Amino acid sequence: MILYDVLLKGCDTPLTREQVAELFHAGQIDPHHPCKLTANPSWRTIDEIFPLLKYDSTAGMLHPDTTMPPLETWKPILLAAGVVSFLTVVFIFAMRQNHEPLAATTVSRKANSGTRSHALPSPAQFVPWNKAPVVASLPSTPRTTAPQHNTDKSSLVARLERDRQAQDQLPREQAAQTESIRAANKRKKLEEERAAGTDHHIPLDQNYYVTMPGGGVWIKIHDNDVTTFDVSINGAWRRNVRKEKGISHSGTDETYIYGSGGSSLYYVWEISGKLNHCLLRVR
């Protein structure tokens, strides 16, 4: 079974391809979310591993981009195949150069035998076919193959160097991308926590220390009736503060009583859930 790791807070990995697809269509991850094969140390994105996932709800589950090994696995194989192909071409070319003079000599001997009736050649006229033509063709072999071999070798070395530099650069880029995503998620979480606010259930008619960004404050609440309350802020009383009555959890039911360090403290007009307690909210 092929398993994957996904950088998602609160998500237990490794996951199957079906589980990754469910997270994607649920909106918990997007095409640029970091993902990788569990057995592979290199991080990629959801879009690179599952390119069809964004087009169809079942395409990413049926045809993930994991049937082929990573590019790093294929590079040595492609390199070896290229070298073998090059050596094969050089060998065939050299063999053809050696056999062409042989074929020409054989044709010439057949032509001469047809025009001389049945007379045999004299020893002085006989020239071994496997020596003179081959010697004549030898000088051309190094001039045609050696420069090409040197050029291809230099090109191969340059390509290997470029591939090595690309492999060295990839982990740094992936680490920078992961750090950027982590920082963005942290900022988003802080913004959501600040928008949602922090609730404090405090006892009535007792001093209670409320922690706030930039410093805390001592608060005492005395509930007069359903319309007003008294509040002591660090020992200073405000009397008959009118309660704001609006829609719960919408912010319209919050009465402002104190501010510090860019945040505010509100009295919330709703049941606190505890006897002789009231609800305060830091936002």
Side-chain angles (χ1 to χ4, degrees), residues 1-86 155-199 213 249-251 262-263 281-283:
M1 177 183 294
I2 302 176
L3 298 175
Y4 308 85
D5 290 330
V6 177
L7 283 180
L8 180 63
K9 183 177 180 181
C11 177
D12 293 331
T13 58
L15 305 174
T16 63
R17 65 182 69 174
E18 290 80 6
Q19 291 172 331
V20 173
E22 291 175 0
L23 290 176
F24 181 89
H25 294 298
Q28 298 185 23
I29 56 176
D30 55 40
H32 304 289
H33 214 87
C35 180
K36 72 177 183 68
L37 286 168
T38 299
N40 193 331
S42 299
W43 287 92
R44 303 169 69 188
T45 64
I46 292 294
D47 192 54
E48 289 174 334
I49 298 179
F50 301 91
L52 301 181
L53 194 59
K54 57 181 174 291
Y55 299 112
D56 185 78
S57 61
T58 60
M61 298 171 62
L62 298 178
H63 306 286
D65 186 23
T66 57
T67 57
M68 296 294 291
L71 180 59
E72 291 78 6
T73 304
W74 282 100
K75 286 180 179 178
I77 299 176
L78 295 176
L79 178 59
V83 173
V84 172
S85 300
F86 171 73
S155 176
L156 179 60
V157 171
R159 185 172 60 185
L160 289 174
E161 180 62 21
R162 290 195 300 270
D163 292 343
R164 185 190 64 79
Q165 294 176 357
Q167 290 177 356
D168 293 341
Q169 181 67 19
L170 183 60
R172 291 193 293 269
E173 293 178 351
Q174 290 177 341
Q177 183 180 10
T178 301
E179 183 61 27
S180 177
I181 293 174
R182 184 181 295 110
N185 291 337
K186 184 176 181 180
R187 289 194 301 270
K188 183 178 179 181
K189 181 180 179 180
L190 291 175
E191 292 174 357
E192 290 176 350
E193 290 178 351
R194 184 173 181 180
T198 303
D199 290 348
H249 304 291
S250 67
S263 59
R281 180 171 297 149
V282 177
R283 187 192 303 279

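Given the structure is predicted, the values throughout are model-derived calculations rather than measurements.
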Handout entry: Audit row: I46, D30, side chain to side chain contact (heavy atoms under 4.5 Å, CB included) steps and yes/no
Key = CA-CA 7 Å; I46 292 294; D30 55 40; over 6 Å; no
Practice task
Under the side chain to side chain contact (heavy atoms under 4.5 Å, CB included) rule, what do L3 and T16 come out as? Steps first, then yes or no, please.
Solution key: CA-CA 5 Å; L3 298 175; T16 63; 3.9 Å; yes
Handout entry: R17/I49 under side chain to side chain contact (heavy atoms under 4.5 Å, CB included): CA gap, chis, key distance, verdict
Key = CA-CA 10 Å; R17 65 182 69 174; I49 298 179; over 6 Å; no
Problem - Intermediate values then yes/no, side chain to side chain contact (heavy atoms under 4.5 Å, CB included), L37 and R44 - result: CA-CA 9 Å; L37 286 168; R44 303 169 69 188; over 6 Å; no
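Between P31 and F24, the closest side-chain pair of non-hydrogen atoms falls below 4.5 Å.
How far CG of D5 is from NZ of K36: 4.0 Å, rounded to the nearest 0.5 Å. The CG atom of L52 lies 9.5 Å from the CG atom of D47; values are rounded to the nearest 0.5 Å. The CH2 atom of W43 sits 10.0 Å away from atom CD1 of I181, with the distance rounded to the nearest 0.5 Å.
Side-chain N or O atoms of S180 include none that pairs as donor or acceptor with a backbone N or O of A176 at under 3.5 Å.
Shortest non-hydrogen contact noted between H32 and Q177 is O-NE2, 4.1 Å. When every heavy atom of I29 is checked against every heavy atom of V20, the shortest pair comes out as CD1-O, 3.7 Å. Between L79 and R159, the shortest heavy-atom contact is CD1-NH2, 3.8 Å.
Looking only at atom types and distance, the side chain of E161 has a donor-acceptor partner in the side chain of Q165 under 3.5 Å away.
Ion pairing of R164 with D168 is present here, as a side-chain N (NZ or NE/NH1/NH2) and a carboxylate O approach within less than 4.0 Å.
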